[in-house]
Amino acid sequence: MSEQAERARRFLALHRPGDPVLLPNAWDVGSAKLFQSLGAQALATTSSGHAAALGRLDGGVSRDEAIEHAAALTEATGLPVTGDFEDCFAREPEGVAETVRHAIEAGLAGCSVEDFTRDAADPIYELGPATERVAAAVEAIRSSGAPFVLTARCDNHLRGRDDLDDTIARLRAYREAGAHALYAPGLRRIEDVRRLIDAVDGPVNVLAGRGVPPVAELAEAGAARVSVGGSFAFVAYGAAVRAARELLESGTYEGWAEQKRTGVDAARDAFGP
């Protein structure tokens with residue numbers, strides 16, 4: 001079994017409803033190795049965090065950059081890594097399939113494909129084209145002969161379409177098209193999370209964040225995976241902002257001494273021999 005295949009099989013096995021895998025989203029090799037040292041069993045990339053590390057906004061990273069980045073995290077840690085690949089950097093199904101083929105060749109354990117069109121005026125693909133894009137990704141996986149975990153993502157609740165019935169219908173269709181995991185970021189109420197999990201036949205990822213129930217409640221509802229998106233990257237940026245403001249505006253340094261010590265100790269543990 002190839003290393004890619006072993007990582008993909010290991011990643012899929014971690015998707016246990018009721019015992020969710022906790023998936024930190026790393027934005028560079030250092031954060032990936034840090035999360036590994038703290039016990040992460042698998043990692044995801046973050047499109048917004050990766051873009052920020054390059055001095056760009058979310059959506060500003062190319063396909064080649066995103067795949068190279070995810071491959072670097074894989075090589076640095078040996079962990080299963082799933083790529084946050086937005087719309088798979090393509091509008092047409094053929095382009096989605098091409099992205100998936102490149103991701104498999106790069107050694108990734110999985111990636112996501114979302115139904116966001118990148119058009120704020122018409123943000124979500126119609127169900128038919130959206131499902132065709134998922135099906136094309138699934139066919140690319142089958143044709144490769146390699147295991148690979150495709151996460152089909154419905155972006156309704158991030159794009160002003162809080163229609164849970166439509167979200168459920170979409171995720172059911174994506175599952176029927178062959179998606180291995182399902183994801184609807186933006187749900188916060190445990191009733192909605194439970195209803196979605198009960199309604200779809202497949203492992204569900206929940207996005208953690210303010211207002212979202214704790215992991216224990218998500219597990220009780222049947223979640224199989226919990227990720228954080230770009231949150232950890234921007235927590236780190238927030239700490240840097242506070243420290244820099246203290247220096248530049250007050251000329252003092254005491255406010256960040258404790259965080260620095262925590263970071264130094266963590267880096268030594270993560271990056272040492």
Side-chain angles (χ1 to χ4, degrees), residues 4-26 40-47 66 70 73-74 79-88 96-97 99-100 103-104 107-116 130-131 133-142 144 146-158 164 167-187 192-209 212 215 218-219 221-229:
Q4 183 278 330
E6 188 277 330
R7 286 190 294 265
R9 293 186 192 280
R10 183 162 29 121
F11 184 46
L12 185 59
L14 290 170
H15 289 68
R16 298 182 294 265
D19 181 21
V21 58
L22 306 182
L23 199 62
N25 296 70
Q41 297 176 282
L43 298 171
T45 66
T46 158
S47 63
L73 304 192
T74 299
L79 292 176
V81 174
T82 181
D84 174 3
F85 285 172
E86 305 172 63
D87 62 348
C88 268
V96 173
T99 296
V100 169
I104 294 170
L108 304 192
C111 78
S112 58
V113 56
E114 59 194 50
D115 52 16
F116 175 47
T131 305
R133 299 171 79 253
V134 173
V138 171
E139 181 55 35
I141 297 167
R142 289 176 179 159
S144 76
F148 189 80
V149 180
L150 181 72
T151 301
R153 170 173 149 169
C154 174
D155 265 32
N156 271 348
H157 305 278
L158 297 183
L164 188 56
T167 297
I168 289 170
R170 285 173 173 276
L171 293 184
R172 281 176 169 169
Y174 303 161
R175 178 65 168 172
E176 289 174 4
H180 305 98
L182 306 169
Y183 185 19
L187 295 181
D192 294 338
V193 172
R194 184 177 290 109
R195 181 180 164 205
L196 184 144
I197 290 170
D198 290 345
V200 301
D201 178 26
V204 172
N205 184 97
V206 178
L207 178 65
V212 175
V215 168
L218 298 177
R225 189 168 94 195
V226 178
S227 60
V228 301

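Along the sequence shown, residues carry numbers from 1.
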(request) For T45, check side-chain contact (heavy atoms from CB on, under 4.5 Å) against everything at least two apart and list the hits. (result) H69, A70, L73, V81, D84
(message) Which residues pass the salt bridge (Lys or Arg N to Asp or Glu O under 4.0 Å) test with D19, not counting sequence neighbours?
(response) R16
(message) Let me confirm one number: the OH-CG distance from Y183 to L196, rounded to the nearest 0.5 Å.
(response) 12.5 Å
(request) Provide the closest heavy-atom pair for V200 versus I168 in the form atom of the first, atom of the second, distance. (result) CG1-O, 4.2 Å
(message) Closer than 3.5 angstrom, by distance alone: can the side chain of R133 be matched with the main-chain N or O of E114 as a donor-acceptor pair?
(response) yes
(request) Say whether, by atom type as modelled, one donor and one acceptor occur between the side chain of R7 and the main chain of A109 under 3.5 angstrom. (result) no
(message) With rounding to the nearest 0.5 angstrom, report the CD to OG distance, E86 to S47.
(response) 4.0 Å
(request) Keeping the roles fixed (side chain from H180, backbone from F148), state whether a donor-acceptor pair exists under 3.5 Å. (result) yes
(message) Main chain of P185, side chain of H157: is a donor-acceptor contact present, judged purely on distance under 3.5 Å?
(response) no
(request) Write down the atom of D87, the atom of F116, and the distance for their closest heavy-atom approach. (result) CB-O, 3.8 Å
(request) Say whether, by atom type as modelled, one donor and one acceptor occur between the side chain of R225 and the main chain of L23 under 3.5 angstrom. (result) no
(message) Minimum heavy-atom separation for L43 and A40, please, with both atom names.
(response) CD2-CB, 4.1 Å
(request) Starting at CG of L187, measure out to CD1 of I197 and round the result to the nearest 0.5 Å. (result) 9.0 Å
(message) On a heavy-atom basis, which atom in A177 and which in V138 lie closest, and how many Å separate them?
(response) O-CG2, 3.4 Å
(request) Check whether any side-chain N or O of T82 sits under 3.5 Å from a backbone N or O of C111 as a donor-acceptor pair, and report yes or no. (result) yes
(message) Within the 4.5 Å heavy-atom criterion, are V212 and L207 side-chain neighbours or not?
(response) no
(message) Let me confirm one number: the CG-CD distance from D201 to E176, rounded to the nearest 0.5 Å.
(response) 9.0 Å
(request) Calculate, to the nearest 0.5 Å, the distance between atoms CZ and CG belonging to R195 and L164 respectively. (result) 4.5 Å
(message) Show the nearest heavy-atom pair for residues A8 and P147, with the distance to one decimal.
(response) CB-O, 3.3 Å
(message) Which heavy atom of P17 sits nearest to which heavy atom of A224, and what is that distance?
(response) N-CB, 3.8 Å
(message) Against P80, only a single residue in R10, Q4, Q41 fulfils side-chain contact (heavy atoms from CB on, under 4.5 Å); can you say which?
(response) R10
(message) Nearest 0.5 Å, please: how far is CG in L150 from CG in L12?
(response) 11.5 Å
(message) Can you confirm whether D115 sits close enough to Y174 that some side-chain heavy atom of one is under 4.5 Å from a side-chain heavy atom of the other?
(response) yes
(message) I'd like to check R175 versus L171 (side-chain heavy atoms, cut-off strictly below 4.5 Å). Are they in contact?
(response) no
(request) Determine the sole option in V113, I141, L108 for which the side-chain contact (heavy atoms from CB on, under 4.5 Å) test with V100 is passed. (result) I141
